[in-house]
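All values below were derived from every heavy atom in this structure, side-chain atoms included, with hydrogens, water molecules and symmetry-related copies excluded. Computed from a predicted structure; not experimentally measured. Along the sequence shown, residues are numbered consecutively beginning with 1.
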Amino acid sequence: GLCLQNLGLFRTQLRAILRASVEGPVEIMFPLISRIMELRQAKMVLDDVKEDLEDQGVSVPDNIKVGMMIEVPSAALQAKAFAKEVDFFSIGTNDLIQYTVAVDRSNERIANLYSGAHPAVISLIAGVVKAAKSADIKVSLCGEMGGDPVFSMLLLGLGLRNLSITPPAIPEVKRIIRAVGIERCRRIYRKACGYDTDREVLNYLREQMTKNM
C-alpha cells in the first residue's frame, strides 16, 4: 500500500531490480499486501517499468519470479486467491502474529499476549501453506517464530520446509529437525490444533521438545 502511494520511488526501486536482473537471477517480493487489487496494481507497475526499460534497449528476462509477503490476516485468509497471482509466498510471522492477536510486541505491558502459539495464528499459517501447495507455488516462513526451536516440529508438521531464521538460532533448530521424523511432526501439529489457548499449545510444544533434549 505504501509503495503504491509513492509511485515515483516504487518505480525507481523496480527499475533498479530489473536492471540488476540482467546480471543474474532475481526474484521480486511485494510486502504488506492486504488486498488483491494492491497486488495487481503492483504487478501492473512492474510490467510498465519493464516495458519502459525494453523501449530503452534494456533486455529484461521474462522468467523473473514474483511473490508476496503474507503479513496480515486478510492476505492469509485470501491465500487461495493470492496463490493464483504469484510464484511464491513468504509468511512474515512477526507482523502476522501482531495483527492477528492485536498486540504490539514492543509494548511491555501486553507483550505477554503476543504469541505464535495462538490457535488463530497457527490456523492462518496452515491455511497459507495449504493454499500454496494446492497452487503448486513455493512457500517459506520468516520471523522470530521460525527461529524458535519450540515451534520447529509444529512448523514441519503443518507442511513448511523453508524457514528463514537468524544465524544464532540455526544450530538448535537444525538439531531438532535432524532428531525427529515428519510423521511425528504431523502428529504434533494435529494434537496442537486440538487446544483452545496459546498457553496449552505452548506447554504441549515445550513438552514435546524436551523429549529430544
Side-chain angles (χ1 to χ4, degrees), residues 1-102 104 116 118 120-146 155 158-164:
L2 182 60
C3 291
L4 295 173
Q5 292 172 26
N6 193 338
L7 281 177
L9 177 60
F10 188 37
R11 289 175 64 90
T12 299
Q13 292 172 332
L14 290 176
R15 188 178 295 110
I17 294 171
L18 291 179
R19 282 185 176 278
S21 72
V22 177
E23 304 298 327
V26 301
E27 294 184 346
I28 295 174
M29 181 166 63
F30 297 120
L32 280 173
I33 297 289
S34 61
R35 297 173 176 83
I36 289 286
M37 284 309 300
E38 288 177 342
L39 175 63
R40 291 175 180 167
Q41 288 169 351
K43 289 168 65 179
M44 285 174 62
V45 175
L46 175 63
D47 289 340
D48 188 45
V49 171
K50 181 179 178 182
E51 286 182 14
D52 285 349
L53 285 173
E54 290 174 342
D55 288 344
Q56 296 168 20
V58 179
S59 181
V60 179
D62 292 324
N63 60 345
I64 296 176
K65 302 286 187 186
V66 175
M68 63 176 283
M69 292 286 290
I70 302 284
E71 301 167 274
V72 295
S74 60
L77 290 168
Q78 280 198 289
K80 186 175 180 180
F82 278 115
K84 299 174 184 177
E85 309 257 346
V86 295
D87 299 305
F88 63 92
F89 285 150
S90 179
I91 304 170
T93 58
N94 290 354
D95 284 331
L96 184 61
I97 295 168
Q98 179 168 313
Y99 292 131
T100 300
V101 301
D104 182 354
H118 194 295
V121 173
I122 295 171
S123 178
L124 288 176
I125 293 174
V128 174
V129 173
K130 181 179 179 181
K133 288 193 172 184
S134 295
D136 195 27
I137 66 171
K138 296 188 300 181
V139 58
S140 61
L141 181 141
C142 60
E144 295 174 8
M145 187 176 178
L155 296 175
L158 60 79
L160 280 159
R161 297 294 179 268
N162 295 293
L163 306 176
S164 178

- Message: Once rounded to the nearest 0.5 Å, what's the spacing between atom CD1 of I122 and atom CE of M145?
- Response: 6.0 Å
- Message: Tell me the closest heavy-atom pair linking D62 and K50, and the distance in Å.
- Response: OD1-NZ, 3.2 Å
- Task: Please report the shortest heavy-atom distance between V60 and S21, naming the atom on each side.
- Result: CG1-OG, 4.0 Å
- Query: Which atom pair, heavy atoms only, marks the closest approach of E71 to M69?
  - Reply: OE1-CB, 3.1 Å
- From L39 CG over to K84 NZ, what is the distance, rounded to the nearest 0.5 angstrom? 13.5 Å
- More than 12 heavy atoms of other residues, nucleotides or ligands under 6.0 Å from CG of D55: is that the case? yes
- Stepwise, does the side-chain contact (heavy atoms from CB on, under 4.5 Å) test hold for I64 with L46? CA-CA 11 Å; I64 296 176; L46 175 63; 5.9 Å; no
- May I ask you to decide if A131's main-chain N or O and S134's side chain share a donor-acceptor pair within less than 3.5 Å? no
- By side-chain hydrogen bond (donor to acceptor under 3.5 Å, both in side chains) - contacts of K138 (at least two apart): E27
- Task: Could you tell me which residues satisfy side-chain hydrogen bond (donor to acceptor under 3.5 Å, both in side chains) with T12, sequence neighbours excluded, listed by chain and number?
- Result: none
- Message: Once side chain to side chain contact (heavy atoms under 4.5 Å, CB included) is applied, do any residues pair with A120, and if so which ones, sequence neighbours excluded?
- Response: T100, H118
- d(L14 CG, L53 CG) to nearest 0.5 Å is 10.0 Å
Ignoring hydrogens and angles, write down the donor-acceptor pairs under 3.5 Å from the side chains of residues 85-94, residues two or more places apart or on other chains.
residue, atom, partner, partner atom, Å
E85, OE2, R40, NE, 3.0
E85, OE2, R40, NH2, 2.9
D87, OD2, V66, N, 2.8
T93, OG1, C142, O, 2.9
N94, OD1, E144, N, 2.9

- Task: Step through the shown structure and confirm whether more than 12 heavy atoms of other residues, nucleotides or ligands are within 6.0 Å of CZ on R35.
- Result: no
- Item | Non-hydrogen atoms of L96 and P73 that approach each other most closely | CD1-N, 3.8 Å
- Return the minimal non-hydrogen interatomic distance between G116 and V121, and the atom names on each side. O-CG1, 3.8 Å
- Begin with the C-alpha distance, continue with both residues' side-chain angles, and end with the deciding distance and a verdict on side-chain contact (heavy atoms from CB on, under 4.5 Å) for R11 and D48. CA-CA 9 Å; R11 289 175 64 90; D48 188 45; 2.6 Å; yes
- Query: Could you go step by step and tell me if V72 and D95 meet the side-chain contact (heavy atoms from CB on, under 4.5 Å) rule?
  - Reply: CA-CA 7 Å; V72 295; D95 284 331; 5.9 Å; no
- Message: Checking D47 now: which residues fulfil side-chain hydrogen bond (donor to acceptor under 3.5 Å, both in side chains) with it, not counting sequence neighbours?
- Response: none
- Message: Once side-chain hydrogen bond (donor to acceptor under 3.5 Å, both in side chains) is applied, do any residues pair with N63, and if so which ones, sequence neighbours excluded?
- Response: none
- Query: If you measure from CZ on R15 to CD1 on I17, what distance do you get to the nearest 0.5 Å?
  - Reply: 11.5 Å
- Task: Start with the C-alpha distance between I70 and L124, add both sets of side-chain angles, then the distance that settles side-chain contact (heavy atoms from CB on, under 4.5 Å), and finish with yes or no.
- Result: CA-CA 10 Å; I70 302 284; L124 288 176; over 6 Å; no
- Task: Any chance you could measure M68, atom CE, to L32, atom CG, to the nearest 0.5 Å?
- Result: 9.5 Å
- Item | Shortest non-hydrogen contact from F30 toward K43 | CE1-CG, 4.1 Å
